Amino acid sequence: MSSVTASTAPVTAPGPEGSAPAPARPRLDWRLRFAALSLIWGFSFLLIKVGTQGYAPFQVTLGRLAFGTAVLAVAMAVRGEGLPRGARTWMHLAVAGFLLNALPFSLFAFAELTIPSTLAGICNATSPLWGMALSLVALREDRPTRVRVAGLGLGFLGVLTVLGAWQGFHGLDARGTALALLASLSYPVGWIYVRRTLAGSSASHLSLTGGQLLLATVQLAVVTPLFTSAPSSLAVGPLLAIAALGTLGTGLAVLVQYGIVAEVGPTTGQMVTYFVPVIAAAAGILLLGETLTWSTPVGAAVVLAGAALTQVKPKRTG
């Protein structure tokens with residue numbers, strides 16, 4: 001969903017220069033792949049909405065994870081890579097799969113039962129804000145600066161604008177919005193966990209992400225039958241939406257994003273975050289007939305401006 005932010009991102013950052021042979025330059029320019037990734041993740045919220053029109057939220061998430069895992073399994077087979085080894089690694093991947101995939105994917109699916117896909121996409125854009133707030137507490141190396149703290153405050157002011165705080169949140173579905181915001185909070189919690197536990201793993205990014213998605217799929221496979229019943233009929237449209245959500249938004253997006261990060265770096269790679277809510281809003285309005293009040297795009301712009309400021313790195317001295 002969101003970029004290097006997204007639950008579908010590789011679970012570790014690219015290794016230091018010289019740690020591995022430089023990958024061959026892809027034939028397709030990274031800018032075109034960047035645009036494709038923005039579209040894929042932007043349309044993901046529309047696909048979730050369509051999927052929940054025929055299937056329960058847990059079923060949507062299970063299908064999404066299963067299709068995404070299948071794509072990574074094929075990629076691993078083509079590249080001749082296997083799954084990670086070691087019980088400790090698998091334990092950490094199980095937690096990462098829950099925080100970065102199973103939990104937020106399910107929360108967004110439940111949220112879109114009662115809120116527009118447009119609002120869900122904007123809530124997803126708050127992930128960098130949550131990440132900044134959490135990193136100040138959990139990561140000693142992330143020191144606060146005036147610019148980043150100002151960005152944090154500006155971003156949450158934008159959230160209040162989107163939610164219409166000045167009018168008492170009138171007309172807002174509080175439960176659905178809260179679930180979407182919790183989903184966006186789950187991502188940075190997962191990233192911090194991964195950064196503390198898996199950053200030094202010798203396994204490849206593809207291998208780790210494949211294991212992560214596999215474990216998230218197993219988690220949903222256990223939970224889904226306990227809380228849902230089999231659908232009485234086969235809804236083809238929603239099923240196709242789930243298949244596209246998994247193969248494109250969860251599987252292919254991982255491969256595209258990792259290629260972009262490896263080629264141009266994580267700073268540029270994470271800029272996709274700022275395009276996702278714009279595309280999500282356009283898709284929801286044009287294809288689903290969703291409506292916007294003036295506060296939604298204005299607040300979203302403030303959120304993105306604040307998120308951008310939180311990503312400004314402090315200048316090194318000495």
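Residue numbers count from 1 along this sequence. The shown structure was predicted, so the numbers you read here are calculated from the model rather than taken from an experiment.
- V223 and V218 fall into different hydrophobic clusters, where Ile, Leu, Val, Met, Phe, Trp and Tyr residues are linked whenever their side-chain heavy atoms come under 4.5 Å apart, directly or through other members.
- Looking at W90 and R85, their side chains never come closer than 4.5 Å, going by heavy atoms from C-beta outward.
- Taking the six-membered ring for Trp and thresholds of 30 and 60 degrees, F227 and F58 have ring planes inclined between 30 and 60 degrees apart.
- Side-chain atoms of T291 and I285, non-hydrogen and from C-beta on, never get closer than 4.5 Å to each other.
- In the hydrophobic cluster analysis, where Ile, Leu, Val, Met, Phe, Trp and Tyr join through side-chain heavy atoms closer than 4.5 angstrom, L288 is grouped together with V60.
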Exercise for the section: Evaluate the criterion side-chain contact (heavy atoms from CB on, under 4.5 Å) for residue pair N124 and Y187; output intermediate values, then yes/no. Expected result: CA-CA 9 Å; N124 182 73; Y187 291 138; 3.4 Å; yes
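- When side chains are defined from C-beta on, T69 does not count as touching T250, because their heavy atoms never get closer than 4.5 Å.
- When side chains are defined from C-beta on, P238 does not count as touching T52, because their heavy atoms never get closer than 4.5 Å.
- Of the possible donor and acceptor atoms, one in the side chain of S184 sits under 3.5 Å from a partner among the backbone N and O of L181.
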Problem - From CA spacing to verdict: side-chain contact (heavy atoms from CB on, under 4.5 Å), R175, D173 - result: CA-CA 6 Å; R175 177 177 175 273; D173 184 86; 4.0 Å; yes
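- A distance of 12.5 Å separates CG of L62 from CZ of R64, quoted to the nearest 0.5 Å.
- Expressed to the nearest 0.5 Å, how far CG of L208 lies from OG1 of T89 amounts to 7.5 Å.
- L113 and P57 make their closest contact through CD1-CG, 3.6 Å (heavy atoms, listed as atom of the first residue, atom of the second, distance).
- Using cut-offs of 30° and 60° on the angle between ring planes, the pair F34 and W30 is perpendicular.
- Interatomic distance, CD of E112 versus OG of S117, reported as 5.5 Å (0.5 Å rounding).
- Side-chain contact between H92 and V194 is absent, with no heavy-atom pair separated by less than 4.5 Å.
- To the nearest 0.5 Å, the span separating CG on L47 from CG on L248 amounts to 8.0 Å.
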Exercise for the section: Verify side-chain contact (heavy atoms from CB on, under 4.5 Å) between F45 and F108, making sure each step is shown before the conclusion. Expected result: CA-CA 8 Å; F45 296 96; F108 272 123; 3.9 Å; yes
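- Criterion: ILVMFWY side-chain heavy atoms under 4.5 Å apart, direct or through other members. Under it, V222 and L107 are not part of a common hydrophobic cluster.
- With T224 contributing its side chain and A221 its backbone, the two residues share no donor-acceptor pair below 3.5 Å.
- Distance alone, capped at 3.5 Å, is enough to place a donor-acceptor pair between the S204 side chain and the S207 backbone.
- We find the OG1-CD1 distance between T247 and I242 to be 11.5 Å, quoted to the nearest 0.5 Å.
- Tested against V189, the residues L100, V95, L99 include a single side chain to side chain contact (heavy atoms under 4.5 Å, CB included) partner, L99.
- Other members of the hydrophobic cluster containing V236, listed by chain and number, are L240; membership follows side-chain contacts under 4.5 Å among ILVMFWY residues, whether direct or relayed.
- For the residue pair A216 and L65, the shortest heavy atom distance occurs at O-CD1, 3.6 Å.
- Between F43 and L287 there is a side-chain heavy-atom pair separated by less than 4.5 Å.
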Practice task
Go through W130 and S186 one step at a time and tell me if the side-chain contact (heavy atoms from CB on, under 4.5 Å) criterion holds.
Solution key: CA-CA 9 Å; W130 296 120; S186 180; over 6 Å; no
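- Nearest heavy-atom pair, L46 versus G284, reported as atom, atom and distance to 0.1 Å: CD1-N, 4.5 Å.
- Interatomic distance, CG of L239 versus CG of L245, reported as 11.5 Å (0.5 Å rounding).
- Salt-bridge formation is not detected for the pair K49/E290: no Lys NZ or Arg NE/NH1/NH2 atom is positioned less than 4.0 Å from an Asp or Glu carboxylate oxygen.
- Nearest heavy atom pair, residue L220 against residue S106, reads CD1-OG, 3.9 Å.
- Nearest heavy atom pair, residue G51 against residue A241, reads N-CB, 4.2 Å.
- The nearest pair of heavy atoms linking W41 to A253 is NE1-CB, 3.7 Å.
- Side-chain contact check for Y55 versus L234: some heavy-atom pair is nearer than 4.5 Å.
- Two residues are said to be in side-chain contact when any heavy atoms from C-beta on lie closer than 4.5 Å; R33 and E263 meet this criterion.
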